[in-house]
Amino acid sequence: MTLAPETTDLKVQLKLTDSWFTVCDLNVLLPGRGVAALLPDGRQVALFRDRAGSLYAIDNRDPFSGAAVLSRGLLGSLQGRPFVASPLLKQRFDLESGQCLDDESVRIATYEVRTS
């Protein structure tokens, strides 16, 4: 999803099992930076907004270290695929599929995200 510059009070929502969950205001997400949020079931999600305005949501837990740090990772792209690199061990995770680009046996959860 690509968005225009903030001129409204849009909310960022994630699709959970059977409903949409409001996470934060869109203006909290700065382009190129991540934000962590707590979900109702106690899991953490990492939200990102790239410089083009696209929104992404993935599990915040780094599967290699077990630490909840992916929201602090660096955004980049590889062959047109947006990714976040873990700030600890530097493994890269595709923001659309959750696939680890450095170890094909590892994948993290992704979430459908929208504004409303």
Side-chain angles (χ1 to χ4, degrees):
M1 162 183 289
T2 303
L3 302 166
E6 306 98 45
T7 56
T8 65
D9 56 350
L10 292 173
K11 305 288 184 194
V12 176
Q13 296 183 320
L14 299 181
K15 177 77 180 231
L16 299 182
T17 305
D18 56 356
S19 63
W20 289 93
F21 175 71
T22 300
V23 179
C24 64
D25 291 334
L26 177 60
N27 62 8
V28 170
L29 299 178
L30 301 175
R33 308 279 311 263
V35 171
L38 188 62
L39 297 178
D41 65 3
R43 289 178 295 149
Q44 288 186 29
V45 65
L47 297 160
F48 299 95
R49 183 176 183 186
D50 67 16
R51 299 203 186 280
S54 296
L55 299 176
Y56 305 96
I58 60 171
D59 188 11
N60 193 37
R61 190 175 84 54
D62 179 340
F64 293 96
S65 69
V69 296
L70 292 180
S71 63
R72 296 185 213 141
L74 298 175
L75 295 183
S77 66
L78 177 65
Q79 299 173 347
R81 294 171 65 183
F83 70 80
V84 62
S86 171
L88 295 179
L89 302 174
K90 309 305 183 231
Q91 284 90 356
R92 298 167 296 166
F93 297 93
D94 186 307
L95 289 171
E96 294 174 340
S97 70
Q99 180 65 51
C100 179
L101 302 178
D102 302 299
D103 182 341
E104 64 184 41
S105 69
V106 177
R107 181 182 296 261
I108 59 174
T110 60
Y111 299 86
E112 186 176 346
V113 61
R114 73 176 186 187
T115 58
S116 67

Original post:
Would you say Thr22 and Leu14 make side-chain contact, with heavy atoms under 4.5 Å?
Top reply: no
**OP:** Supply the atom-to-atom distance Asp94 CG to Leu78 CG, rounded to the nearest 0.5 angstrom.
**Re:** 9.0 Å
Original post:
When hydrophobic residues are tied together by side-chain contacts of less than 4.5 Å, even through go-betweens, does Val69 share a cluster with Leu75?
Top reply: yes
Subject >> Non-hydrogen side-chain atoms of Asp102 and Phe93 separated by less than 4.5 Å >> reply: no
Subject >> N/O donor-acceptor pair under 3.5 Å between Asp25 side chain and Val28 backbone >> reply: no
**OP:** Go through the steps for Arg107 and Ser97 under the test side-chain contact (heavy atoms from CB on, under 4.5 Å), then give the verdict.
**Re:** CA-CA 8 Å; Arg107 181 182 296 261; Ser97 70; 3.7 Å; yes
**OP:** Compare all side-chain heavy atoms of Gln99 with those of Glu104 and state whether any distance is below 4.5 angstrom.
**Re:** yes
Original post:
Going from OG on Ser54 to CD on Glu96, what distance comes out if it is rounded to the nearest 0.5 angstrom?
Top reply: 8.0 Å
**OP:** Spell out, yes or no, whether Phe83 and Leu70 are grouped together once hydrophobic residues are joined by side-chain heavy atoms under 4.5 Å, including indirect joins.
**Re:** no
Original post:
So, for Ser71 and Ala36, which heavy atoms are closest and what is the spacing to 0.1 Å?
Top reply: OG-CB, 3.5 Å
Original post:
Is there a path from Tyr111 to Leu95 through hydrophobic residues (I, L, V, M, F, W, Y) whose side chains come within less than 4.5 Å of each other?
Top reply: no
Original post:
Are Val45 and Tyr56 connected, step by step, through hydrophobic side chains (Ile, Leu, Val, Met, Phe, Trp, Tyr) whose heavy atoms are closer than 4.5 Å?
Top reply: no
Original post:
Are Leu88 and Leu101 grouped together when hydrophobic residues (ILVMFWY) are joined by side-chain heavy atoms under 4.5 angstrom apart?
Top reply: no
Subject >> Set of residues satisfying side chain to side chain donor-acceptor pair (under 3.5 Å) with respect to Asp59, sequence neighbours excluded >> reply: none
Original post:
Run the side-chain contact (heavy atoms from CB on, under 4.5 Å) check on Leu29 and Val12 step by step: do they pass?
Top reply: CA-CA 9 Å; Leu29 299 178; Val12 176; 3.8 Å; yes
Subject >> Atom pair CG/CG of Leu47 and Leu55 - distance to nearest 0.5 Å >> reply: 8.0 Å
**OP:** Calculate, to the nearest 0.5 Å, the distance between atoms OG1 and NZ belonging to Thr110 and Lys15 respectively.
**Re:** 13.5 Å
**OP:** Could you tell me whether Leu74 atom CG has more than 12 heavy atoms of other residues or ligands within 6.0 Å of it?
**Re:** no
Original post:
Which residues satisfy the side chain to side chain donor-acceptor pair (under 3.5 Å) test with Gln44, sequence neighbours excluded?
Top reply: Asn60
Original post:
Is a donor on one side and an acceptor on the other found under 3.5 Å between the side chain of Arg33 and the backbone of Phe48?
Top reply: no
**OP:** Check step by step if side-chain hydrogen bond (donor to acceptor under 3.5 Å, both in side chains) holds for Ser86 and Gln91.
**Re:** CA-CA 5 Å; Ser86 171; Gln91 284 90 356; 5.0 Å; no
Original post:
Taking atom SG of Cys24 and atom CG of Leu10, what is their separation to the nearest 0.5 Å?
Top reply: 11.0 Å
